[in-house]
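Below: the structure, in structure tokens.
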Amino acid sequence: MTDTIQVGSYALKSRLLVGTGKYRDLDETGRAIEASGADVVTMAVRRTNLGQNPNEPNLLDVISPDRYTLLPNTAGCHTADDAVRTCRLARELLDGHNLVKLEVISKSRTLYPDVVETLNAARTLVKDRFEVMVYTSDDPLIATELEAIGCVAVMPLGAPIGSGLGLQNPYNIREILDNLKVPVIVDAGVGTASDATVAMELGCEGVLMNTAIAEANDPVKMARAMRLAIESGRLAYEAGRMPRKRYADASSPETGLIE
Amino acid sequence: MQVSVNGQIEEIEAQSLDSYLDSKLLLGRRIAVELNGEIVPKSQFSSVILVDGDVLEIVSAIGGG
């Protein structure tokens, strides 16, 4: 497909955005990301292991910032202050690159977004000239507020992070799509290809996923499946599906039958 | 003198930030450095002199979703 999605100042070629966590090793990470066709790739920021062999390959050696649009996340941050601090470190790490994925998650077993802290962090980051793609709940009011603050993409969850349950509330996602002008990207909860297709058929601009690919038995094959699923779902959305009917409607003409 | 680096207390000689990073084989690696809560741009690594009680955070990119 030649269409692109515009996220802030970035024109993205792929509607599939992928994470780099949970892979067996960097080699598998690189091969899966390649197969996914994604150009936006998320990464985390963590303390450097001071004792490590300096020749050990680094994520950025496999996922080159020259080839991919890196999207540093604020995973693990539970407060707005921590998230803002992480984004500033990420911007320095990536030589001034200002596109970030803001996520401030609760300490509960749902890892549900803490929307109060998320809103606070989003305000600070937008003022500090970051382009903020924001992970949030599927609450339509919060999504609208995040757009008003100036986030460049709003990314409601389909289901809890890493759960693989698929879209649990398509009606809310649909409502968010109706209300927002910035791209709506489902982030988290996708388990398999059909889940990604459902999100795209609803009209989402894209889907961000990590575990569904990384924890598949064959991540490289699943990455390709997801690429096709996203493309399929988008095409079906653009094509416009037929209306649902309660009863059958024969496909073959009912006239001209032999007697 | 003592400095805190990524949460660990270290005994080091007074030196510039770039010589400290060099001693850890980190100079030229893809890292970002925060000193006492403030980002230190790479261009300033050589002009920053570490002093007793400094708190350093040194971070890199790793896999994440």
Side-chain angles (χ1 to χ4, degrees), chain A residues 17-26 28-29 33 41-56 58-63 65 70-76 81 85-96 101 103 135 161-162 187-188 208-214, chain B:
Chain A
L17 298 79
V18 296
T20 50
K22 299 179 176 173
Y23 286 98
R24 265 184 285 274
D25 52 39
L26 283 176
E28 184 181 73
T29 310
I33 302 280
V41 178
T42 67
M43 50 161 265
V45 175
R46 290 292 180 273
R47 282 173 162 171
T48 305
N49 180 356
L50 296 176
Q52 94 186 5
N53 170 2
N55 297 320
E56 203 171 285
N58 177 284
L59 178 70
L60 299 182
D61 298 331
V62 177
I63 308 299
L70 285 168
L71 183 61
N73 69 26
T74 62
D81 285 350
R85 197 174 159 203
T86 300
C87 288
R88 287 177 178 150
L89 280 164
R91 180 162 63 184
E92 176 61 22
L93 187 60
L94 298 174
D95 305 318
K101 171 182 163 180
E103 55 180 305
Y135 172 65
I161 294 170
D187 180 2
L208 197 165
M209 65 180 77
N210 188 155
T211 311
I213 297 174
Chain B
M1 66 178 199
Q2 287 191 332
V3 293
S4 163
V5 186
N6 287 357
Q8 301 284 321
I9 301 295
E10 260 192 64
E11 188 72 39
I12 62 164
E13 300 292 313
Q15 58 191 297
S16 64
L17 179 56
D18 67 345
S19 86
Y20 174 78
L21 293 173
D22 197 24
S23 73
K24 297 290 177 185
L25 307 173
L26 290 173
L27 211 53
R29 304 287 296 168
R30 281 195 172 272
I31 55 166
V33 179
E34 193 191 73
L35 175 62
N36 304 324
E38 298 289 332
I39 303 277
V40 184
K42 291 176 189 73
S43 58
Q44 290 173 25
F45 283 179
S46 58
S47 56
V48 169
I49 305 299
L50 297 176
V51 299
D52 190 46
D54 272 348
V55 178
L56 277 173
E57 290 286 346
I58 305 171
V59 301
S60 326
I62 66 152

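Chain identifiers are assigned alphabetically (A, B, ...) following the order of the sequence lines, protein sequences preceding nucleic acid strands; residue numbering begins at 1 within each chain.
Neither the backbone nor the side chain of A/Lys22 has a heavy atom closer than 4.5 Å to any heavy atom of chain B. Contact annotation for B/Glu10: only side-chain heavy atoms (C-beta onward) come within less than 4.5 Å of a heavy atom of chain A. Residue B/Ile31 touches chain A through both its backbone and its side chain, counting heavy-atom pairs closer than 4.5 Å.
Inter-residue side-chain proximity for B/Leu17 and B/Leu35 is flagged as unmet; no heavy-atom pair is nearer than 4.5 Å. Using a 4.5 Å cut-off on side-chain heavy atoms (C-beta onward), A/Arg47 and B/Glu57 make contact.
In terms of non-hydrogen atom pairs under 4.5 Å with chain A, the most contact-rich of B/Gly63, B/Gly37, B/Pro41 is B/Gly63. The candidate from A/Leu70, A/Val45, A/Asn73, A/Leu89 with the greatest count of non-hydrogen atom pairs under 4.5 Å with chain B is A/Leu89. Contact tally against chain B (heavy-atom pairs below 4.5 Å) for A/Ala44, A/Ala214, A/Ala75, A/Gly19: the top residue is A/Ala44. Counting heavy-atom pairs closer than 4.5 Å to chain B, the top residue among A/Val18, A/Thr29, A/Leu60 is A/Leu60.
Considering every non-hydrogen atom in both A/Tyr135 and A/Ala188, the closest pair reads CE1-CB, 4.0 Å. When all heavy atoms of A/Thr42 and B/Gly64 are compared, the closest pair comes out as OG1-O, 2.8 Å.
A/Thr48 and B/Ser60 form a side-chain donor-acceptor contact under 3.5 Å, judged by distance and modelled atom types alone.
Side chain of A/Glu28 to main chain of A/Arg24: a donor-acceptor pair is present (N/O by atom type, distance under 3.5 Å, no hydrogens or angles).
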